[in-house]
Undergrad: 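There's a structure below that I have some questions on.
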Amino acid sequence: MLKVYNTLTGEKEKFETIEAGKVKMYVCGLTVQNYSHIGHIRSAINYDVIRRFLEYLGYEVDYISNFTDINEKIVKRAVEEELTPEELADKYANAFLEDIREFNIKPADKYLRVSENVDEIIEMVTTLIEKDYAYEVNGNVYFSVESFEDYGKLSGRSLDEMQAGARIAVNEEKRNPLDFGLWKKVEAGEGWDSPWGEGWPGWHIECSAMSMKRLGATFDIHGGGVDLIFPHHENEIAQSEAYSGKKFVNYWLHNGTVNLSGEKMSKSQGNFFTSREVLKEFSGQEVRYFLLSRHYRSPIDFSYEKLEEAKISLERIKNTRHQLDKVLNFDIAAAAEENNEFFEEVILKKNSFVDALSDDFNTAEAIGVLHDLVGVINSYINQKDFTLNEKNFAILEETEEIFLELAEILGLKFELEAASEVKNTLADPLISLLLDLREKARENKNWEEADLIRDRLQEIGIDVIDTPHGTEWEINNIEENKGGS
RNA sequence: GGCGGCAUAGCCAAGUGGUAAGGCAGAGGACUGCAAAUCCUUUAUUCGACGGUUCAAAUCCGUCUGCCGCCUCCA
């Protein structure tokens, strides 16, 4: 049974969809004003895993996100980069789509853009005014927080509390300092026409208008970073429920922040790593693995040292996948005794893995289980007297399938290295020739010559690996790592 | 000031009433002519401090200490 932690209730709840077998989810995307940073990527990876797991469980998922492409920051950045706001938004939206591919994040089924949904937003604001939840002053429209009874239910605050400790600059147009803008007046030529004059949508209205347009007045999951709980999501609830008269979202999910030395990574503070600069040092898979090693609701401290550890840890899982594949290519011996015990353990681990993710998407625990599974497989195939036979062949094939299936839920790919160019050229037989010569030298206990061949190959970038099943070689990728992604 | 969260080995990190997952680093071992790679085994009588509830607590309650987030744009 899937349980999810719901910010709205502060509890883990049994997950039940509105429509059987279908999940409608909306995840707050980003303001496309710059390259994405690791904080954005954590959020995207987190909801990507949630989506993948829901799909694994058999749900049909409609996964929607957004690009906020209208606001002051975009205009400002556009001036800096000498682009039109549209061009700037396109540039960074496309950059984001390129980035998420590197992290193996599946794109949303639809990315909604504010600029393409202004009509819907105006319609929503109009209705809110008609229903007396909003008011217009000098071309600006504000939502009246006092008119919405449940205001504060998501963030667990009351209006009184908030007013007492308010740090909000006084705006004389607002009836209550906590009222928030639905429509913002801008100078002629810069905005969209509306019943209140030329302007832009306010800061929270887009997510409400766009999510409801695509998913309906009530949908299953709304996700985003914890830093969006207040005011962004609180305001979304207020305006959406005031508008529709229905519950907006059943499950509110919030991921923790990525920190640098304990402080939240954020654009405004300038302490962030863009995904692009990180990808120069580590692969998207390594970053992904690192981010998933911590439960999504907790903050995670980012550093290259930790990433290096994660990389090594991930390597262990990769090796097992490769060894498994190698073993499956052994000659099949005559049938031997079956080893059901091994496969039973595999199934046990598979179940534990699914249980971990069923408990509020506990990827950290799931990764732990994956390592357990790796241990089970390694122990089995590394036994001294291991031979491949008809019976364990089938079992191992199925094990490999399970292994890859589970990894896939986490978005981890353990692809077999495609035969590199070198292996397809003359170099391949040449290296084989050298290794044959080395083998001969070894047989004659001519260690000097054998080591010379190994060392010289190493110098050109070829690692020689002696295994119990013979000598192998591979191109060492140190240079490749230095060069970039 | 208000609201919320966190504190588990050298480091990272699961676990929320039944006697401490997993990873990194460390130690031992297997394999090897050596080396590398790989694999296996092992590493917390104890969960920030002090009290309390309970047959039983890292897990529940209280107090304290430290750190963080939100209250302003923010994933």
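As the structure is a prediction and not an experimental result, all values here were calculated from the model. Here is the naming used below: chain letters follow the sequence lines, and residue numbers restart at 1 for every chain.
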Undergrad: Does A:Asn259 contact B:G69 through a side-chain donor or acceptor facing the base, at a distance under 3.5 Å?
TA: no

Undergrad: Taking only the C1' atom of each, what is the distance from B:A27 to B:G33 in whole angstrom?
TA: 26 Å

Undergrad: When you check the phosphate oxygens OP1 and OP2 of B:C31, does a side-chain N or O of A:Lys384 lie under 4.0 Å from one of them?
TA: yes

Undergrad: Using a cut-off of 4.0 Å on non-hydrogen atoms, how would the nucleic acid contact of A:Asp301 be classed: base, sugar-phosphate, or nothing?
TA: nothing

Undergrad: Write down the partner of B:G69 under the Watson-Crick or G-U wobble criteria, each distance required to be under 3.5 Å.
TA: B:C3

Undergrad: Quick one: is A:Asn255 getting a side-chain N or O under 4.0 Å of the B:A75 phosphate, OP1 or OP2?
TA: no

Undergrad: Checking base pairs now: Watson-Crick or wobble, both atom distances under 3.5 Å. What partners B:A27?
TA: B:U41

Undergrad: Distance check: side-chain N/O of A:Lys264 vs OP1/OP2 of B:C70, anything under 4.0 Å?
TA: yes

Undergrad: For A:Asp455 and A:Gln458, does a side-chain donor sit closer than 3.5 Å to a side-chain acceptor?
TA: no

Undergrad: Is any side-chain nitrogen or oxygen of A:His40 closer than 4.0 Å to OP1 or OP2 of B:A75?
TA: yes

Undergrad: Is there a donor and acceptor pair, one atom on the side chain of A:Arg294 and one on the base of B:A14, closer than 3.5 Å?
TA: no

Undergrad: Could you tell me if A:Tyr151 and A:Arg157 have a donor-acceptor pair between their side chains, going purely by distance under 3.5 Å?
TA: no

Undergrad: Please determine if a side-chain N or O atom of A:Arg157 lies less than 4.0 Å away from the OP1 or OP2 oxygen of B:G4.
TA: no

Undergrad: If you apply the rule side-chain contact (heavy atoms from CB on, under 4.5 Å), what do you find for A:Val49 with A:Phe361, and how did you get there?
TA: CA-CA 8 Å; A:Val49 171; A:Phe361 312 106; 5.7 Å; no

Undergrad: Across all strands, who's sitting opposite B:G62 as a Watson-Crick or G-U wobble pair, both distances under 3.5 Å?
TA: B:C50

Undergrad: Answer with base, sugar-phosphate or nothing: what part of the nucleic acid does A:Leu228 contact at a heavy-atom distance below 4.0 Å?
TA: sugar-phosphate

Undergrad: Can you see if the side chain of A:Arg297 gets near the phosphate of B:G69 - specifically, an N or O under 4.0 Å from OP1 or OP2?
TA: no

Undergrad: Within this structure, what is the CG-to-C1' distance between A:Asp372 and B:G15, rounded to whole angstrom?
TA: 13 Å

Undergrad: When both hydrogen-bonding distances must be under 3.5 Å and the geometry is Watson-Crick or G-U wobble, what is B:A9 paired with, if anything?
TA: none

Undergrad: Is the shortest side-chain N/O distance from A:Asn319 to OP1 or OP2 of B:A37 below 4.0 Å?
TA: no

Undergrad: Looking at B:C40, I'd like to know if its phosphate oxygens (OP1 or OP2) sit under 4.0 Å from a side-chain N or O belonging to A:Asn378.
TA: yes

Undergrad: Would A:Arg297 pass as a cation-pi partner of A:Tyr5, given that its NZ or CZ must be under 6.0 Å from the six-membered ring centre and within 45 degrees of the axis?
TA: yes

Undergrad: Passes side-chain contact (heavy atoms from CB on, under 4.5 Å), A:Glu408 versus A:Arg52? Steps please.
TA: CA-CA 8 Å; A:Glu408 179 67 23; A:Arg52 285 169 186 263; 3.0 Å; yes

Undergrad: Among B:A25, B:G33, B:A13, find the nucleotide with the atom closest to the side chain of A:Ile312.
TA: B:A25

